[in-house]
Undergrad: 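Starting off with a structure, shown below.
Letters A, B, ... are given to chains in the order of the sequence lines, protein chains preceding strands, and every chain is numbered from 1. Keep in mind the model is a prediction, meaning the values are calculated, not measured.
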Amino acid sequence: MRVYNTLSGRKEELVTLEPQKVKIYACGPTTYNYIHLGNARPLVVFDTLRRYLAYRGYEVTYVQNFTDVDDKIINRSQEEGEEAIKLAERYINEYFKDADTLNILRADVHPRASQHIEDMIDAIGKLIDKGFAYEVDGDIFYRVKAFKDYGKLSGRSVEDMLSGARVEVDERKEEPVDFALWKAAKPGEPFWDSPWGKGRPGWHIECSVMSTKYLGDTIDIHGGGSDLIFPHHENEIAQAEALTGKPFVNYWMHNGFITINSEKMSKSLGNFFLLREVLDKFPADVVRFYLIATHYRSPLDFDDGKLEEARKALGRLKTTLMLVDEFQQDRSAVDEQLQESELLEKVNNLQQEFIVAMDDDFNTARAIGHLFEISHLINSYLAKASRDNAQDQAVVTKAMAVLKELGQVLGIFIDQESDQGAELEDVLQILAGLRQAARQEKDYSLADDIRHFLGSLDISIEDTPAGTRFRYEAVPELKLLMEKLIDLRASFKSQKRYEKADYIRDSLQQAGIIVEDTREGARWKIAEA
RNA sequence: GGGCGGAUGGCGAAGUGGCUAACGCUGUGGUCUGCAAAACCACCAUCCACCGGUUCGAAUCCGGUUCCGCCCUCCA
């Protein structure tokens, strides 16, 4: 398995500290707002990385922090009159809602800066003792010149930075490039007690401290967005390696940005979309698919059209799942009489190619391409297969298991549970029955009326030799379907087509829905409720 | 100014020395259908920003040019 390492600027064979075990630290969000789509990319990218490593037999330990002590949080809390830690906590909870929707697995540990102040004070003290930090008026700065490897990650030299320094210079610092480890508290700010007075930690120290605390002095992979390379990750290295004398991270991985009209999506430019706004318009699996359909290091341009395309593309894979589901007679009883099959041979080859693609720096784009090829093979096979043929059943089931398994590794098959599933399906089938009968009687206006009605609810209807099938992305509301059925029944009654009206009432009853006629009209209820 | 990366069909996006340049979207023709949708079948880049070089052979390596993005300030 090969991984692009920012440190060396090339792909390297992944050799973990311990065989078949991998320790990953991912930089998490600063929680002063809802996350935007740009924040979601590393979440999905590193979640996919993690799933894939687990799929390949690694025991993964995954740590993702929350920055809940920070200038932006303090500013926000002063604007809104909410205590900083409370505000941060509130957005941490909101973060989990978004992440869960996107099918992001929880980390093994989600450490928060606010809960590791003691550890940070301890680390800062040691850095001072070793000569890597100095105090000025209650502030502590890191002495960049003392760390000889400074700049090795971002590929720049201290000299270059000093000459081209655009940093607003704090005169008290020994060098403009020195950065804050500890900031003395200003009036009205949250603070903790330290040997240097009341204050709070700088941003960079938390990751060094929490990474080493939970994963050890040296870890395998540290990930985040490319904008963290400098200064954040550079400073993490300086802090941690000065402290331990050991390499901090073996593989640094950075994802590219999401752009809008080729400009980076960012809060300061104001061109961002909150993840939940996007999730309002598009299902989570589509968003996830969109985020990994491009290689993680490439820029990814955003607009609704791209998501629409992702919706259609993913829909193709889901269609295969649906077609197989429809084809299968009895899922449990297969598998025994499995014979040689050209389909399975090809599918197994594609599974290997999927692995080759993912092994090559997690090339999800190429891997997804192989998924489409599998999908295509299964669809073609299905078109000629026979439901009653045990061999066909076995082969298709086996092929689909591969597709599902690989989709699961990428996290793109998110099951959408419906709470009224049973009734809903029955009601749809009753509508299908009415339409089917209308078609047989050549009453196409009624047949089309039903189809158009369903179309208006974003349910599309497809006739197949085996019957009628429904497709929808958002689970439709039972209430609306019932209103239509009640309407139809009323019009049948007024036309004195009682056999149709009764068909509706009787089949609803069988489905567990009771229709009662009253003076004002009909009403309905679910029998068990 | 310094550092890093990119330029592939109508669009998106893989491919980093050698079979017909993946895959998806769109489009076209066909099968199927009361109509439709889905599915299936077939077709859609003699060419990979430009110029030069290395090589038997390059989109793929090297040099140069143009254009674009990112980082150097909080940012995933």
Side-chain angles (χ1 to χ4, degrees), chain A residues 6 9 11 26-30 32 35-46 67 70-72 75 151 154-157 159-161 163-168 177 203 223-232 234 254-259 261-269 272 289-290 293-295 297-301 303 305-306 308-317 319-320 322-323 353 357 360 363-373 375-376 378-384 438-440 442-444 447-448 451-452 455 460-465 468-471:
Chain A
T6 307
K11 291 181 195 171
C27 278
T30 302
Y32 67 105
I35 60 170
H36 63 69
L37 190 66
N39 303 120
R41 165 119 100 146
L43 291 182
V44 170
V45 163
F46 292 108
T67 300
D70 175 89
D71 289 349
K72 292 187 292 289
N75 291 341
S154 52
R156 53 194 88 198
S157 68
E159 289 69 36
D160 289 347
M161 282 183 282
S163 58
R166 280 211 251 140
V167 203
E168 192 182 322
V177 286
W203 175 35
S226 329
D227 47 1
L228 297 181
I229 295 172
F230 189 89
H232 186 55
E234 197 69 70
H254 295 97
N255 62 274
F257 302 118
I258 294 190
T259 57
N261 299 325
S262 299
E263 260 189 341
K264 179 184 171 188
M265 178 185 291
S266 77
K267 291 182 184 171
S268 43
L269 289 171
F272 62 90
F289 179 90
Y290 159 75
T294 298
H295 186 81
R297 285 191 283 118
S298 302
L300 177 53
D301 207 58
D303 64 60
K306 302 277 170 59
E308 195 51 49
E309 192 182 314
R311 181 209 294 274
K312 286 179 184 157
L314 177 61
R316 203 175 162 77
L317 296 178
T319 293
T320 299
M322 183 196 71
L323 290 173
E353 290 192 48
D360 183 14
N363 194 330
T364 50
R366 188 142 51 110
I368 286 173
H370 297 315
L371 252 38
F372 281 108
E373 292 176 79
S375 186
H376 177 245
I378 295 177
N379 288 347
S380 295
Y381 189 91
L382 237 30
K384 298 185 186 94
R439 291 175 69 212
Q440 269 157 19
K442 308 255 185 243
D443 183 358
Y444 292 122
D448 288 347
R451 187 167 71 201
H452 292 143
S460 61
I461 202 164
E462 293 164 9
D463 297 318
T464 72
T468 300
R469 158 205 306 158
F470 300 96
R471 299 166 69 108

Undergrad: Please measure how far the P atom in B:U16 lies from the corresponding atom in B:C62, and state the result in whole Å.
TA: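 Pairwise P distance, B:U16 against B:C62, rounds to 14 Å.
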Undergrad: Quick one: label A:Thr319 by what it contacts on the DNA or RNA (base, sugar-phosphate, nothing), any heavy atom closer than 4.0 Å.
TA: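 Here A:Thr319 touches the backbone only, sparing every base.
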Undergrad: Counting just side-chain N and O atoms, does A:Asn363 come under 4.0 Å of either OP1 or OP2 of B:A14?
TA: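 No.
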Undergrad: Considering every strand and a 4.0 Å limit on heavy-atom distances, what is the contact class for A:Gly38: base, sugar-phosphate, or nothing?
TA: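 Here A:Gly38 touches the bases of the nucleic acid.
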Undergrad: Under 4.0 angstrom, heavy atoms only, what part of the nucleic acid is A:Phe257 near: base, sugar-phosphate, or nothing?
TA: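 A:Phe257: base contact, heavy atoms under 4.0 Å.
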Undergrad: Which listed nucleotide (B:C25, B:A76, B:C35) is nearest to the side chain of A:Arg439?
TA: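 From the listed options, B:C35 comes nearest.
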Undergrad: Heavy atoms only, 4.0 Å cut-off, all strands: where does A:Ser298 land among base, sugar-phosphate and nothing?
TA: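 Sugar-phosphate, backbone atoms only, no base.
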Undergrad: Looking at every strand, decide which applies to A:Glu308 at a 4.0 Å heavy-atom threshold: base, sugar-phosphate, or nothing.
TA: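 Nothing: the residue A:Glu308, judged by heavy atoms under 4.0 Å, touches no strand.
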Undergrad: Check this for me, if you would: do A:Glu308 and A:Arg311 make a salt bridge, where the nitrogen-to-carboxylate-oxygen distance has to be below 4.0 angstrom?
TA: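 Yes.
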Undergrad: Between B:G24 and B:A13, how far apart are the C1' atoms? Round to whole Å, please.
TA: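 These two C1' atoms come out 8 Å apart once rounded.
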Undergrad: Using whole Å, report how far NE2 of A:His254 lies from C1' of B:C70.
TA: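 Whole-Å distance recorded here is 13 Å.
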Undergrad: To the nearest angstrom, how far is A:Phe272 atom CZ from B:A76 atom P?
TA: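 Interatomic distance, CZ of A:Phe272 to P of B:A76: 11 Å.
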Undergrad: Rounded to whole angstroms, how far apart are CG on A:Leu371 and P on B:A13?
TA: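 About 19 Å, once rounded to whole Å.
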Undergrad: A:Lys267 NZ to B:U73 P: how many Å, rounded?
TA: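 Rounded to the whole Å, the gap is 20 Å.
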Undergrad: Mark yes or no for a side-chain to base donor-acceptor pair under 3.5 Å between A:Arg469 and B:A38, with no hydrogen or angle criteria applied.
TA: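 Absent.
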Undergrad: Using atom P of each nucleotide, how far apart are B:A38 and B:U26 to the nearest Å?
TA: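 Result for the P pair: 9 Å, nearest Å.
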Undergrad: Decide whether A:Asp70 and A:Thr30 meet the rule of one side-chain donor and one side-chain acceptor closer than 3.5 Å.
TA: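 No, no side-chain donor-acceptor contact under 3.5 Å.
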Undergrad: Mind checking A:Ile461 for me? I need base, sugar-phosphate or nothing, with any heavy atom below 4.0 Å counting as a touch.
TA: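 Base contact.
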Undergrad: Which nucleotide in the set B:C11, B:A76, B:C35 lies at the smallest distance from any side-chain heavy atom of A:Met265?
TA: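 Between B:C11, B:A76, B:C35, the one nearest the side chain of A:Met265 would be B:A76.
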Undergrad: When you compare the ring of A:Tyr444 with the six-membered ring of B:G34's base, are the centres less than 5.5 Å apart and the planes under 30° from each other?
TA: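 It does: the two rings, one from A:Tyr444 and one from B:G34, meet the stacking criterion.
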Undergrad: Anything below 3.5 Å on both distances counts as a pair; with that, list the stems of at least three consecutive Watson-Crick or G-U pairs involving RNA chain B.
TA: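 Stem list for RNA chain B: B:1-7 with B:66-72, B:10-12 with B:23-25, B:27-31 with B:39-43, B:49-53 with B:61-65.
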Undergrad: Between B:G34 atom P and A:Lys442 atom NZ, what is the distance in whole Å?
TA: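 After rounding, the gap between these two atoms is 7 Å.
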Undergrad: With sugar-phosphate meaning primed atoms plus P, OP1 and OP2, does A:Ile229 contact a base, only sugar-phosphate, or nothing at under 4.0 Å between heavy atoms?
TA: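 Nothing, no heavy atom under 4.0 Å.
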Undergrad: For A:Asn255, answer base if it contacts any base atom (sugar-phosphate contacts may also be present), sugar-phosphate if it contacts only those atoms, and nothing otherwise; contact means non-hydrogen atoms under 4.0 Å.
TA: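 A:Asn255: base contact, heavy atoms under 4.0 Å.
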Undergrad: Quick one: does any side-chain atom of A:Thr319 pair with a main-chain N or O of A:Gly315 as donor and acceptor, under 3.5 Å?
TA: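 Yes, the answer is positive, given that a donor and an acceptor are paired below the 3.5 Å cut-off.
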Undergrad: Given atom CG of A:Asp360 and atom P of B:A22, what is their separation to the nearest angstrom?
TA: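 A:Asp360 atom CG is separated from B:A22 atom P by 18 Å.
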Undergrad: Would you indicate which nucleotide in B:C72, B:A22, B:A39 comes nearest to any side-chain atom of A:Phe230?
TA: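 Nearest to the side-chain atoms of A:Phe230, counting from C-beta on, is B:C72.
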Undergrad: Counting only distance, no hydrogens or angles, is the base of B:C23 paired donor-acceptor with the side chain of A:Arg316 under 3.5 Å?
TA: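 A donor-acceptor contact between them is absent.
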Undergrad: Do A:His370 and A:Glu373 meet the criterion of a side-chain donor-acceptor pair at a distance under 3.5 Å?
TA: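 Yes, because at least one side-chain N or O of A:His370 sits under 3.5 Å from a partner of the opposite role on A:Glu373.
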Undergrad: Mind checking A:Asp448 for me? I need base, sugar-phosphate or nothing, with any heavy atom below 4.0 Å counting as a touch.
TA: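 Base, at least one base heavy atom under 4.0 Å.
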Undergrad: Verify, without hydrogens or angle tests, whether A:Glu462 (side chain) and A:Arg469 (backbone) share a donor-acceptor contact under 3.5 angstrom.
TA: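 No, A:Glu462 side chain to A:Arg469 backbone: no donor-acceptor pair under 3.5 Å.
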Undergrad: Once each nucleotide of nucleotides 4-9 of chain B is scored for protein heavy atoms under 4.0 Å, what B/S/- sequence comes out, 5' to 3'?
TA: ------
Undergrad: Is the shortest side-chain N/O distance from A:Lys312 to OP1 or OP2 of B:U26 below 4.0 Å?
TA: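 Yes, within the criterion.
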Undergrad: Pick base, sugar-phosphate or nothing for A:Lys264, based on heavy-atom distances below 4.0 Å to the nucleic acid.
TA: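 Base contact.
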Undergrad: To the side chain of A:Ile258, which of B:A76, B:A14, B:A38 is closest?
TA: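 Selected nucleotide (nearest to the side chain): B:A76.
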Undergrad: Give one of base, sugar-phosphate or nothing for A:His370, where a contact means two heavy atoms less than 4.0 Å apart.
TA: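 Contact class for A:His370: none.
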Undergrad: Between B:C68 and B:G29, how many Å separate the two P atoms, rounded to a whole number?
TA: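 The same atom, P, in both gives a distance of 40 Å.
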Undergrad: In whole Å, I'd like the distance from the CZ atom of A:Phe372 to the P atom of B:A14.
TA: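 These atoms are roughly 14 Å apart.
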Undergrad: Would you mind reading off the distance between A:Lys384 atom NZ and B:U31 atom P, rounded to a whole angstrom?
TA: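 Interatomic distance, NZ of A:Lys384 to P of B:U31: 17 Å.
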Undergrad: Between A:Arg439 and A:Asp463, does any NZ, NE, NH1 or NH2 come within less than 4.0 Å of an OD or OE carboxylate oxygen?
TA: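 Salt bridge between A:Asp463 and A:Arg439, a charged N being under 4.0 Å from a carboxylate O: yes.
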Undergrad: So, OP1 or OP2 of B:C41: does either fall under 4.0 Å of a side-chain N or O from A:Ser380?
TA: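 Yes.
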Undergrad: Please check if the side chain of A:Arg41 supplies one atom and the backbone of A:Phe257 the other of a donor-acceptor pair under 3.5 Å.
TA: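 At least one qualifying donor-acceptor pair exists.
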